[in-house]
Amino acid sequence: MGGLGLLLPADREHDPELEPCSPPKGVLRLRGAVQHYEWGSRGDASLVARLAGETEEGRPCAELWMGTHPAAPSSLASDDGGAVSLREWLARNPAALLGRVVTARWDGDLPFLFKVLSVAKPLSIQAHPDRELARALHALRPTTYRDANHKPEMAVAVTEFRALCGFVSVQELKDVLRTVPEVRMLVGKEDVVKLMTAKEHDGGIGVRSYLQSAFTKLMATSKEAVAEAISKLRSRLNGEIKIRTFTEKEQLVLSLEQQYPGDVGVLSAFFFNYVKLRPGEALYIGANEPHAYLSGECVECMATSDNVIRAGLTPKYKDVQTLCSMLTYKQMFPEILQGVLVQPYVIRYTPPFDEFEVDRYLLPQGESVTMLPVPGPSIFLVMTGEGEIQADGMPDEGVAKEGDVFFVPARTEVKLHASGPGCLQLYRAGVNSRFFC
């Protein structure tokens, strides 16, 4: 990552929000925290490793965190070499750095967590709780559920990105029950009959209750019965490969079986939408919606939380009962965001959550763009290329190169200029603009 330091703006003697002994309101260079989960990519194949300068270490580099979450907080450095966390820095004068409205709404903390993910192996079948459930789980099991916040999230694809997300339509579910006897066997005759006779447009209440019952039975099946069903599925497909072409979902299931043999998540994949994002497309996921990231690299933004409830495709703790009881059981293909051009070279992705939005900057060599002051904080990540970043009132330009991360306080104008060869690609996370309307 780039060197750490503080880029100071000119003194603001007449700023009513800047107290005499408060921290300066300049642009901060940050160091993100790398998470070395086993599902991450390694070496040069990992975007996270390249951004963090860890390509030689050999460990999987799965996630780069940029924010204040206590599990892996970002840090900045003072001139004397001492380090201080971004969370601690913001606490010294939250109103000046975050803005008064953001400070009041989110108790003086950064409301979003910004990440980069390099996914080499599928993540768990999971969901994130709403606020009420998050508070209850944190109180009950604080070592497993480490905070009391909800965790809506959005992923913007950097490479082709694959995921499972949300339940398939009624018709597709009927096709699964008709063509996959191994799933039909575990779900049971009673629920199969209910789902097969359900109508697509009956208001959804009946279908959701049938779906919940069927899905819960599948996920609660014994390990022995799941292993036997997967073995039968594999044998059947191996026998049919000579006479027909497999569907994309069947190919996916066989791939999951090789990576997670005997795991119920292999069979549950039939229940979920299979999503493929092209670079520049985005997917957002609300509370209590099932999903699993499968492969690829993305920029991810979410509310400041690390609450994950898992039920498959993982060796980690599985809380099947909680997951099955919390899900919405909505049956629809997720909305894919293409982003909206908000100014030349800047595309914005706006999910339906107050905590965050993401901007993608693509500046050709020699071009410049200005981010006008906004009422809340921002974090910038330089993905590729080189350039300069100049903050409102700052006397000197700061070098911006691959892997650099910057915290921009509220009401700070930022000018970006692409000076190196090729395109300067940056991503900005900030509080959702709709929140300030």
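FYI, side chains are in, hydrogens and waters are out, and symmetry mates aren't considered; it's all heavy atoms of this structure. Just so it is clear, the model here is predicted, and its values are computed rather than measured.
- Residues Ser46 and Arg50 are not in side-chain contact: their nearest non-hydrogen atoms beyond the backbone lie 4.5 Å or more apart.
- A donor-acceptor pair is defined here as one N or O able to donate and one able to accept, closer than 3.5 Å; no such pair exists between the side chain of Ser378 and the backbone of Gly430.
- Judged by distance alone, the side chain of Ser75 and the main-chain N or O of Val84 form no donor-acceptor pair under 3.5 Å.
- With hydrogens and angles disregarded, no donor-acceptor distance shorter than 3.5 Å links the side chain of Thr412 to the backbone of Val408.
- If you check the side chains of Asn288 and Asp130, you find a donor sitting under 3.5 Å from an acceptor.
- The two residues Leu283 and Ala163 have their closest heavy-atom pair at CD2-CB, 4.4 Å.
- Looking at Ile230 and Pro261, their side chains never come closer than 4.5 Å, going by heavy atoms from C-beta outward.
- With hydrogens and angles left out, the side-chain atoms of His69 and Asp147 include a donor and acceptor closer than 3.5 Å.
- Thr179 places a side-chain N or O within donor-acceptor distance of the main-chain N or O of Asp175, the cut-off being under 3.5 Å.
- The closest donor-acceptor contact from the side chain of Thr103 to the backbone of Pro94 lies under 3.5 Å.
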Let's go through Gln126 and Ser124 carefully: what are the C-alpha distance in whole Å and the side-chain angles of both, what is the deciding distance for side chain to side chain donor-acceptor pair (under 3.5 Å) to 0.1 Å, and is it a yes or a no?
CA-CA 6 Å; Gln126 60 184 258; Ser124 57; 3.0 Å; yes
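- At least one side-chain heavy atom of Gln259 sits under 4.5 Å from a side-chain heavy atom of Lys121.
- Distance alone, capped at 3.5 Å, is enough to place a donor-acceptor pair between the Ser268 side chain and the Gly265 backbone.
- Of the charged side-chain nitrogens involved, at least one lies within less than 4.0 Å of a carboxylate oxygen, so that Lys276 and Glu248 count as a salt-bridged pair.
- Between the side chains of Tyr293 and Glu300, a donor-acceptor pair is found at a separation under 3.5 Å.
- Listed for the Glu289 side chain is no donor-acceptor partner under 3.5 Å among the backbone atoms of Gly286.
- The backbone N or O of Val193 sits less than 3.5 Å from a side-chain atom of Thr197, completing a donor-acceptor pair.
- Side-chain atoms of Ser305 come within 3.5 Å of backbone N or O of Asn149 as a donor-acceptor pair.
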The test is side chain to side chain donor-acceptor pair (under 3.5 Å); show your working for Gln365 and Ser419 and say whether it passes.
CA-CA 6 Å; Gln365 182 181 8; Ser419 58; over 6 Å; no
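- Just one of His128, Glu132, Glu355 meets the side chain to side chain donor-acceptor pair (under 3.5 Å) condition when paired with His150; it is Glu355.
- For CD of Glu240, the number of neighbouring non-hydrogen atoms (other residues, nucleotides, ligands) closer than 6.0 Å is greater than 12.
- Under the ring-ring contact (aromatic ring centres under 6.0 Å, His included) criterion, Phe215 pairs with Phe167, Phe271, Phe272, sequence neighbours left out.
- Listed here is the closest heavy atom pair of Met185 and Ala229: CE-CB, 4.0 Å.
- Note on Arg310 versus Asp319: no salt bridge recorded, every NZ/NE/NH1/NH2 to OD/OE distance being 4.0 Å or above.
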Applying salt bridge (charged side-chain N to carboxylate O under 4.0 Å, His left out) to Arg234 and Glu257, what does each step give before you reach the verdict?
CA-CA 8 Å; Arg234 185 177 58 246; Glu257 190 276 329; 2.7 Å; yes
Could you give me the CA-CA distance, side-chain angles and deciding distance for Tyr361 and Tyr427, then say whether ring pair (Phe, Tyr, Trp, His ring centres under 6.0 Å) is met?
CA-CA 6 Å; Tyr361 290 71; Tyr427 288 84; 8.9 Å; no
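- Contact between Leu98 and Pro377 at its shortest, heavy atoms only, is O-CD, 3.3 Å.
- Take Tyr329 and apply the side-chain hydrogen bond (donor to acceptor under 3.5 Å, both in side chains) test, not counting sequence neighbours, and it matches no residue.
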Starting from the C-alpha separation in whole Å, work towards a yes-or-no answer on side chain to side chain contact (heavy atoms under 4.5 Å, CB included) for Phe380 and Leu426.
CA-CA 7 Å; Phe380 279 84; Leu426 303 95; 4.3 Å; yes
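- Salt bridge Lys415/Glu388: absent, no basic N to carboxylate O contact under 4.0 Å.
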Verdict with reasoning, Val27 to Phe407, per side chain to side chain contact (heavy atoms under 4.5 Å, CB included):
CA-CA 6 Å; Val27 173; Phe407 174 82; over 6 Å; no
Would you sort out whether Phe270 and Val253 count as a side chain to side chain contact (heavy atoms under 4.5 Å, CB included), showing the intermediate values?
CA-CA 8 Å; Phe270 281 111; Val253 166; 3.8 Å; yes
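- Residue-environment remark: CD (Gln343) exceeds the threshold of 12 foreign heavy atoms within 6.0 Å.
- Remark: Lys316 is positioned above the aromatic ring of Tyr37, its terminal NZ or CZ atom under 6.0 angstrom from the ring centre and at most 45 degrees off the axis.
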Would Arg278 and Glu160 count as a salt bridge (charged side-chain N to carboxylate O under 4.0 Å, His left out) here? Give the steps.
CA-CA 5 Å; Arg278 294 172 296 184; Glu160 181 179 88; over 6 Å; no
Could you walk me through whether Arg87 and Asp109 pass the salt bridge (charged side-chain N to carboxylate O under 4.0 Å, His left out) check?
CA-CA 7 Å; Arg87 184 185 185 91; Asp109 193 14; 3.3 Å; yes
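- Looking only at atom types and distance, the side chain of His36 has no donor-acceptor partner in the side chain of Glu57 under 3.5 Å away.
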Dump the intermediate steps for side chain to side chain contact (heavy atoms under 4.5 Å, CB included) on Phe246 and Leu254, then the final yes or no.
CA-CA 10 Å; Phe246 290 161; Leu254 288 175; 3.6 Å; yes
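- A donor and an acceptor atom, one from each side chain of Glu367 and Tyr345, are located under 3.5 Å apart.
- Salt-bridge annotation for Glu63 and Lys115: present, with a side-chain N of the basic residue lying under 4.0 Å from a carboxylate O of the acidic one.
- With salt bridges taken as basic N to acidic carboxylate O contacts below 4.0 Å, one links Lys217 and Asp191.
- Side-chain atoms of Tyr260 come within 3.5 Å of backbone N or O of Pro122 as a donor-acceptor pair.
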Evaluate Thr159 against Glu297 for side chain to side chain donor-acceptor pair (under 3.5 Å), listing each step before the verdict.
CA-CA 5 Å; Thr159 65; Glu297 293 176 311; 4.6 Å; no
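- For an aromatic pair to be called close, the ring centres must be under 6.0 Å apart, and Trp106 with Phe112 fails this.
- Legend: residues meeting side chain to side chain contact (heavy atoms under 4.5 Å, CB included) with Gln258, ordered by chain and number and at least two apart, are absent.
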